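To start, the structure under review is shown below, and the notes come after it.
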2 protein chains.
Amino acid sequence: MTSFISTYENKVDKKGRVSVPAAYRSALGSEAYQGVIAYPSLTYPAIEGLGRGTLEELNRRRFDQSLEGGDFAQTLVGRSDDGLVETIMSLASELPFDGEGRIILPARLAEQAGITDCATFVGRGTRFQIWAPDRYLEHQTAEIAALRTRLSGGAT
Amino acid sequence: MTSFISTYENKVDKKGRVSVPAAYRSALGSEAYQGVIAYPSLTYPAIEGLGRGTLEELNRRRFDQSLEGGDFAQTLVGRSDDGLVETIMSLASELPFDGEGRIILPARLAEQAGITDCATFVGRGTRFQIWAPDRYLEHQTAEIAALRTRLSGGAT
DNA sequence: TGGTATATCATGGGAATTCATGGGAATCAA
DNA sequence: TTGATTCCCATGAATTCCCATGATATACCA
């Protein structure tokens, strides 16, 4: 299982290129396709990222499940209550690495996340996110505060 | 299952390197990747440590669980009630051993734990902690006193 | 039992490699 | 041609690798 952890802040140059942290790249090491899948977060001003292998496993499991359930309609015409997955698929881009392990952030995604000249890569386990550094700082502060409250109130 | 026990105090050199106690290293012996995962404790001024295998299993189970439950959206956007795992992933670092079994403490983690030139490794079973020696001493005293009180007050 | 040899371990410093970053040349599309 | 994209190479800084040392513990032998 590919695991993305830790956070890194890298620069975005004039051409829109950013180095994907070496640790993330080596986490993807075994995958045939060298690059990542990116799509906008629907809940935060951020870009979501996946390895290609993760995306494929997701789609395969979803496909299998709809066939086993006999829901052929969903498989063929996507008539499903869960439009979320399909919407994301349409918004997703394949971003290949250049020789130095960089990707080019699609303008639409960068804009939506408010990313200009710096980008923060945030590991989330099986996926990762790319934020504008200042927005992430803000978000992270709130995120940790919420967790601390919960932990001090409940179990360890 | 890897088991970390006992307490060790080691030096941190100018480069931020510390030897991981040999006993901990041999506890990880069977794991393919030689190193540990570290993240800040959210309740103490300390660093928490795990074997990589533990982290991988955590991510794998989370991934499988969301797919089997048909919650594909969670896999894609992490729309979930527990931000706990995702927050920890963002705060965690992979610390590989060098040839001598040392790791480099990330500045952020060391600072948060108040560690400068010495570090105390504390076995906690399936995970371990790294403390500043003086803070740990203090914490340990309180911890033991609290236990004594609880035990003498409760059972015969 | 005493003493020595051997292995393991924590620690230190210097050299070599990796990594992020920047710019220019080559390629492609229109 | 013109604009954009991709490929290739250069650079400095940070990191990792490699070897050396001393201390401690363990094994071995007389």
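Below, read A as the first sequence line, B as the second, and so on, with proteins coming before strands; counting in each chain starts at 1. Keep in mind that what you see is a predicted model, and the values were worked out from it rather than measured.
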ask   = So do the side chains of L76(B) and L50(A) get within less than 4.5 Å of each other, counting heavy atoms only?
value = yes
ask   = Any side-chain heavy atom of W131(B) sitting closer than 4.5 Å to one from Q140(B)?
value = no
Between [options], which nucleotide gets closest to the side-chain atoms of [X]?
X       : options                   : value
R102(B) : dC17(D), dC8(D), dT11(C)  : dT11(C)
R25(A)  : dC19(C), dT6(D), dC19(D)  : dC19(C)
K11(A)  : dG22(C), dT11(C), dG12(C) : dG22(C)
A22(B)  : dC18(D), dC9(C), dT16(D)  : dC9(C)
D13(B)  : dC9(D), dG12(C), dG24(C)  : dG12(C)
E100(A) : dG23(C), dC8(D), dG13(C)  : dC8(D)
S19(B)  : dA10(C), dA20(C), dC17(D) : dA10(C)

message = Does this structure show an ion pair linking R60(B) with E56(B), if we count only N-O contacts that are shorter than 4.0 Å?
response = no
Taking atom [atom2] of [N] as reference, at what distance in whole Å does atom [atom1] of [X] sit?
X       : N       : atom1 : atom2 : value
D117(A) : dA20(C) : CG    : C1'   : 15 Å
Y8(B)   : dA25(D) : OH    : P     : 13 Å
E9(A)   : dT21(C) : CD    : C1'   : 14 Å
Q34(A)  : dC7(D)  : CD    : C1'   : 17 Å
F97(A)  : dC19(C) : CZ    : C1'   : 14 Å
N10(A)  : dA13(D) : CG    : P     : 17 Å
R17(B)  : dC9(C)  : CZ    : P     : 18 Å
E94(B)  : dT15(D) : CD    : P     : 15 Å

request  = Could you tell me whether Y24(A) and F4(A) have their ring centroids closer than 6.0 angstrom?
outcome  = yes
inquiry  = Applying a 4.0 Å non-hydrogen cut-off, can you work out what K15(B) is touching in the nucleic acid: base, sugar-phosphate, or nothing?
reply    = base
request  = Just call it for P21(A): base, sugar-phosphate, or nothing, with non-hydrogen atoms closer than 4.0 Å on any strand.
outcome  = sugar-phosphate
inquiry  = Nearest heavy atom decides the nucleotide; on that basis, is D98(B) or A23(A) closer to the 5' end of DNA chain C?
reply    =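 In this pair, the answer is D98(B).
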query = Within less than 4.0 Å of OP1 or OP2 of dG13(C), is there a side-chain N or O belonging to K14(B)?
reply =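 K14(B) to dG13(C) OP1/OP2: side-chain N or O found under 4.0 Å.
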request  = Sort out for me which residue in E57(B), M89(B), Q74(B) forms a side chain to side chain contact (heavy atoms under 4.5 Å, CB included) with R62(B).
outcome  =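 Looking at E57(B), M89(B), Q74(B), the match for R62(B) under the side chain to side chain contact (heavy atoms under 4.5 Å, CB included) is Q74(B).
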